[in-house]
Every structure is written in structure tokens, then in C-alpha cells.
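Have a look at the structure below before the remarks.
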Amino acid sequence: MKDARSDSGYGCESVEEVVRRLQGMMEELEQSEEEEVVLLFSHADTIQILQTWLSGEDVRKFSQFRFKNGEVRRLLLEPSSLPPPLPIVLK
């Protein structure tokens, strides 16, 4: 049965839903009149989707651009900011 809270049908947000949520957050940050350093931290999938989306890559490939536990990265608006993609291994 499809979960009413999600378009994914699996009881969790789809990648597109996460991007929509992140777009709203980024719009709020961009409307700030102060120039500030902002630290974002999140679960791996969310932060990987954010970086993939901002870089202009296909967000469906977000899991190929993995963060290490505790890793710090700059979020840049260019594909070169992503680490080399890792293959997705299905077990």
C-alpha cells in the first residue's frame, strides 16, 4: 500500500521530494541579507542529494557521491566539487 505522506510508495521521501524540501531551505538561506558562513549537517542521503543537486548532476545518482562519517565538504555549484563516483554494488 502506498504511503500517503510520500510519492515514493515505500513510506519514505522520494529523491524529488527531498530536493523540493532542500530547495525551500536554500531559498531561505539565500534571502538572508547577512553574509554568513553556514554549516549544514544531516544524514548521508540528504546531504549527498543536496551536493549532487547543487553541482548540477543527476540527483538520482546521489548515492555514488558518498560522504565519509564526519566528513566536511564545501558545497559548490559545479560538478567538479563532487568526489569521484563510486559504483553502486547490489548484494
Side-chain angles (χ1 to χ4, degrees):
M1 174 178 211
K2 185 172 178 176
D3 189 311
R5 297 169 296 162
S6 172
D7 289 337
S8 73
Y10 296 101
C12 61
E13 286 181 293
S14 68
V15 172
E16 293 79 15
E17 288 171 314
V18 174
V19 169
R20 280 195 297 273
R21 190 162 47 92
L22 292 169
Q23 284 174 321
M25 178 199 67
M26 294 302 292
E27 288 169 2
E28 285 184 36
L29 290 173
E30 289 173 347
Q31 290 175 3
S32 171
E33 295 185 18
E34 298 180 29
E35 288 193 28
E36 301 174 330
V37 173
V38 177
L39 294 176
L40 301 173
F41 52 96
S42 182
H43 296 282
D45 284 355
T46 304
I47 204 78
Q48 288 167 180
I49 291 169
L50 176 63
Q51 181 148 34
T52 305
W53 170 62
L54 287 176
S55 74
E57 282 289 326
D58 182 344
V59 293
R60 294 172 297 178
K61 297 179 180 178
F62 77 91
S63 61
Q64 292 179 340
F65 305 107
R66 297 187 187 115
F67 275 78
K68 297 176 183 154
N69 287 339
E71 181 179 351
V72 176
R73 286 189 201 165
R74 293 185 69 185
L75 292 174
L76 301 174
L77 303 176
E78 54 191 57
S80 65
S81 67
L82 293 171
L86 297 172
I88 296 174
V89 179
L90 301 175
K91 296 181 179 184

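More than 12 heavy atoms of other residues, nucleotides or ligands shown are found within 6.0 angstrom of CD on E71. In R60, the CZ atom is not crowded: 12 or fewer heavy atoms of neighbouring residues, nucleotides or ligands sit closer than 6.0 Å.
The distance from atom CD of E16 to atom CD1 of I49, rounded to the nearest 0.5 Å, is 9.0 Å. L82 contributes atom CG, which lies 13.5 Å from atom CZ of R66 (distance to the nearest 0.5 angstrom). To the nearest 0.5 Å, the span separating CE on M25 from CZ on R21 amounts to 9.0 Å. Remark: Q48 CD to S42 OG distance equals 10.0 Å, nearest 0.5 Å.
Linking ILVMFWY residues whenever their side-chain heavy atoms come closer than 4.5 Å, directly or via other members, leaves L29 and L76 in distinct clusters. Under the 4.5 Å side-chain heavy-atom criterion for Ile, Leu, Val, Met, Phe, Trp and Tyr, F41 and L22 are members of distinct hydrophobic clusters. By the rule that hydrophobic residues join a cluster once side-chain heavy atoms approach within less than 4.5 Å of another member, L77 and I47 end up as members of one cluster.
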Inset, instruction - Kindly indicate, with the supporting measurements, whether the criterion side-chain contact (heavy atoms from CB on, under 4.5 Å) is fulfilled by Q51 and S81. - result: CA-CA 8 Å; Q51 181 148 34; S81 67; 3.8 Å; yes
Inset, instruction - Output, in order, the C-alpha distance, side-chain angles, deciding distance and verdict of side-chain contact (heavy atoms from CB on, under 4.5 Å) for L50 and L75. - result: CA-CA 8 Å; L50 176 63; L75 292 174; 3.5 Å; yes
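Put simply, the side chain of S55 gets close to the backbone of T52: a donor and an acceptor are under 3.5 Å apart.
Shown here for R73 and F65, the closest heavy-atom pair between the two residues is NH1-O, 3.8 Å.
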